[in-house]
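Just so you know, these numbers use all the heavy atoms, side chains as well, and skip hydrogens, waters and symmetry mates. So that the names make sense, note that chain A is the first sequence line, chain B the second, and so on, each numbered from 1.
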2 protein chains.
Amino acid sequence: MAVNPDSHIPIYEQIVEHVCGLIAAGVYRADEALPSVRGMALQLRVNPNTIQRAYQELERGGFIRTRKGLGVFVSTQGATSAQKKTENAILERFVEGIDLGRKTKLGPARIQTVFRRAMRSPRRPADPNDKRTET
Amino acid sequence: MAVNPDSHIPIYEQIVEHVCGLIAAGVYRADEALPSVRGMALQLRVNPNTIQRAYQELERGGFIRTRKGLGVFVSTQGATSAQKKTENAILERFVEGIDLGRKTKLGPARIQTVFRRAMRSPRRPADPNDKRTET
DNA sequence: CATACTGTATTAGTGCTCTAGTACAGTAGG
DNA sequence: CCTACTGTACTAGAGCACTAATACAGTATG
């Protein structure tokens with residue numbers, strides 16, 4: 001994963017969504033340790049404080065548990081919570097798009113066509129408006 | 001339309017998308033005048049400069065033409081351009097959502113289910129539209 | 001020309017994000 | 001105990017995006 005500093009979405013939020021996705025996908029499992037604050041900061045080339053803020057939000061969301069001196073661990077219900085959150089995020093994106101379509105008087109059929117096209121597109125191509133980036 | 005100042009999307013960009021949608025929908029037709037910078041500012045309760053910036057971007061995108069002392073007008077190809085742009089915006093939202101789903105290992109069927117649910121939801125403004133009822 | 005409307009430019013201020021440095025607190029292991 | 005690793009807290013500052021106020025410039029009309 002690489003952070004996109006040009007996005008209007010703050011870096012710490014990009015990280016939150018990224019890590020949340022990894023937990024939801026089962027890359028990090030319950031009770032498994034995530035990279036340390038400093039380690040992750042090195043890895044993503046951002047300031048440790050930025051990571052800390054992301055981890056704070058993840059803890060507030062109940063996805064992880066942090067323990068001083070030990071590290072950061074996926075919480076027991078982390079995976080299911082993350083999955084729920086991610087599904088909400090997906091729903092939100094879809095509703096946003098559909099809303100746009102309705103506003104410009106596109107019919108449902110047309111909107112669905114666009115969706116099918118989106119399903120076919122393999123992966124997000126590099127975009128100036130991109131909100132998240134890949135590893 | 002109500003602007004959402006709490007969004008991480010800048011107000012001027014919200015306005016750009018909004019006006020673009022109106023043009024695409026045919027609410028404003030070719031050569032028709034849009035509300036003046038100051039008029040729109042009053043209407044949306046934002047600073048005229050914010051409107052100006054939105055109009056600047058719309059002009060750069062070729063959707064409108066501005067003339068000192070006269071006003072702002074929908075360009076000849078404004079509608080078709082706006083439709084194209086809007087469809088791209090929709091596609092982008094969909095791809096974003098789908099991408100999220102893929103990252104969390106959701107199958108296509110599951111993703112489509114979420115989409116259907118989104119299609120059913122009548123309207124979901126990500127912002128409280130009725131947050132303040134000023135004059 | 002005077003007025004009143006248009007859009008434009010410039011400058012300033014506010015708030016948020018991010019970075020940086022430093023210090024503190026808990027745990028593990030030699 | 002000492003060291004080295006964990007997370008945490010705090011302060012200060014730079015940079016940037018957004019907003020705001022004000023002054024400038026062009027057009028129409030009487």
Side-chain angles (χ1 to χ4, degrees), chain A residues 1-19 28 31-75 78 128-133, chain B residues 2-19 28 31-75 78 127 132 134:
Chain A
M1 184 227 187
V3 147
N4 178 8
D6 298 331
S7 169
H8 49 225
I9 297 183
I11 293 177
Y12 73 86
E13 221 171 296
Q14 294 179 39
I15 295 171
V16 165
E17 217 171 75
H18 172 65
V19 173
Y28 295 125
D31 296 324
E32 193 176 335
L34 273 68
S36 76
V37 168
R38 292 168 178 82
M40 183 72 103
L42 280 179
Q43 190 181 321
L44 298 186
R45 285 179 180 72
V46 297
N47 191 280
N49 282 324
T50 306
I51 303 294
Q52 198 211 339
R53 178 151 184 197
Y55 278 177
Q56 265 180 353
E57 259 194 39
L58 284 167
E59 180 158 40
R60 200 171 303 140
F63 308 112
I64 63 174
R65 263 185 19 166
T66 63
R67 290 205 237 156
K68 276 190 193 172
L70 289 180
V72 185
F73 304 88
V74 177
S75 72
N129 281 341
D130 204 9
K131 324 219 149 152
R132 193 173 330 110
T133 22
Chain B
V3 147
N4 179 7
D6 298 331
S7 168
H8 50 228
I9 299 183
I11 293 179
Y12 74 87
E13 221 171 297
Q14 294 179 40
I15 295 171
V16 165
E17 220 171 69
H18 171 67
V19 173
Y28 297 124
D31 295 325
E32 193 177 334
L34 273 69
S36 76
V37 168
R38 289 166 180 84
M40 183 71 102
L42 281 178
Q43 189 181 321
L44 299 185
R45 286 177 182 75
V46 298
N47 191 279
N49 281 323
T50 307
I51 304 294
Q52 197 212 338
R53 179 149 183 200
Y55 278 177
Q56 266 180 354
E57 258 194 39
L58 285 167
E59 180 158 40
R60 202 172 303 139
F63 309 112
I64 62 175
R65 259 175 38 107
T66 62
R67 290 203 234 158
K68 273 192 194 170
L70 290 179
V72 185
F73 305 88
V74 177
S75 72
D127 53 86
R132 58 181 131 112
E134 288 168 356

Checklist entry - Can you check whether B/T66 has a side-chain N or O nearer than 4.0 Å to OP1 or OP2 of C/dG7? => result no

Item to check | Between D/dA4 (P) and A/R38 (CZ): distance, integer Å | outcome: 14 Å

Item to check | Spacing of B/R53 atom CZ relative to D/dC16 atom P, expressed in whole Å | outcome: 14 Å

Checklist entry - Given atom CD1 of B/I51 and atom P of D/dA21, what is their separation to the nearest angstrom? => result 14 Å

Next on the checklist: I'd like to check B/D31 versus B/F73 (side-chain heavy atoms, cut-off strictly below 4.5 Å). Are they in contact?
Outcome noted: no

Next on the checklist: I need the A/Q56 CD to A/I64 CD1 distance, nearest 0.5 Å.
Outcome noted: 9.5 Å

Item to check | Phosphate OP1/OP2 of C/dC18: any A/T50 side-chain N/O under 4.0 Å | outcome: no

Checklist entry - Quick one: does A/Y55's side chain get under 4.5 Å of A/S36's, heavy atoms only? => result no

Item to check | Distance in angstrom units between A/N47 CG and D/dA9 C1', rounded | outcome: 14 Å

Item to check | side-chain N/O B/N49 vs D/dT19 OP1/OP2, d < 4.0 Å | outcome: no

Checklist outcome for this item: 5'-most contact on DNA chain C (nearest-nucleotide basis), B/G69 vs A/V46, goes to B/G69

Item to check | side-chain N/O A/Q56 vs D/dG7 OP1/OP2, d < 4.0 Å | outcome: no

Checklist outcome for this item: Atom CZ of B/R67 and atom P of D/dA28 are separated, to the nearest Å, by 9 Å

Next on the checklist: Please classify the nucleic acid contact of A/Y12 as base, sugar-phosphate, or nothing, using heavy-atom distances under 4.0 Å.
Outcome noted: sugar-phosphate

Item to check | Between P of C/dC18 and CG of A/D6, the distance in whole Å | outcome: 12 Å

Item to check | Validation row: A/V72, A/M40 side chains within 4.5 angstrom (heavy atoms) | outcome: no

Next on the checklist: Please pick, from C/dT8, C/dG7, D/dT19, the nucleotide with the shortest atom-to-atom distance to any side-chain atom of B/I11.
Outcome noted: D/dT19

Checklist entry - In whole Å, what is the span from the CD atom of B/E57 to the C1' atom of C/dT8? => result 17 Å

Next on the checklist: In this structure, how many angstroms lie between the P atom of C/dT6 and the CZ atom of B/R65, rounded?
Outcome noted: 18 Å

Checklist outcome for this item: All heavy atoms of A/A41 vs all of A/N47, minimum pair found to be CB-C, 4.1 Å

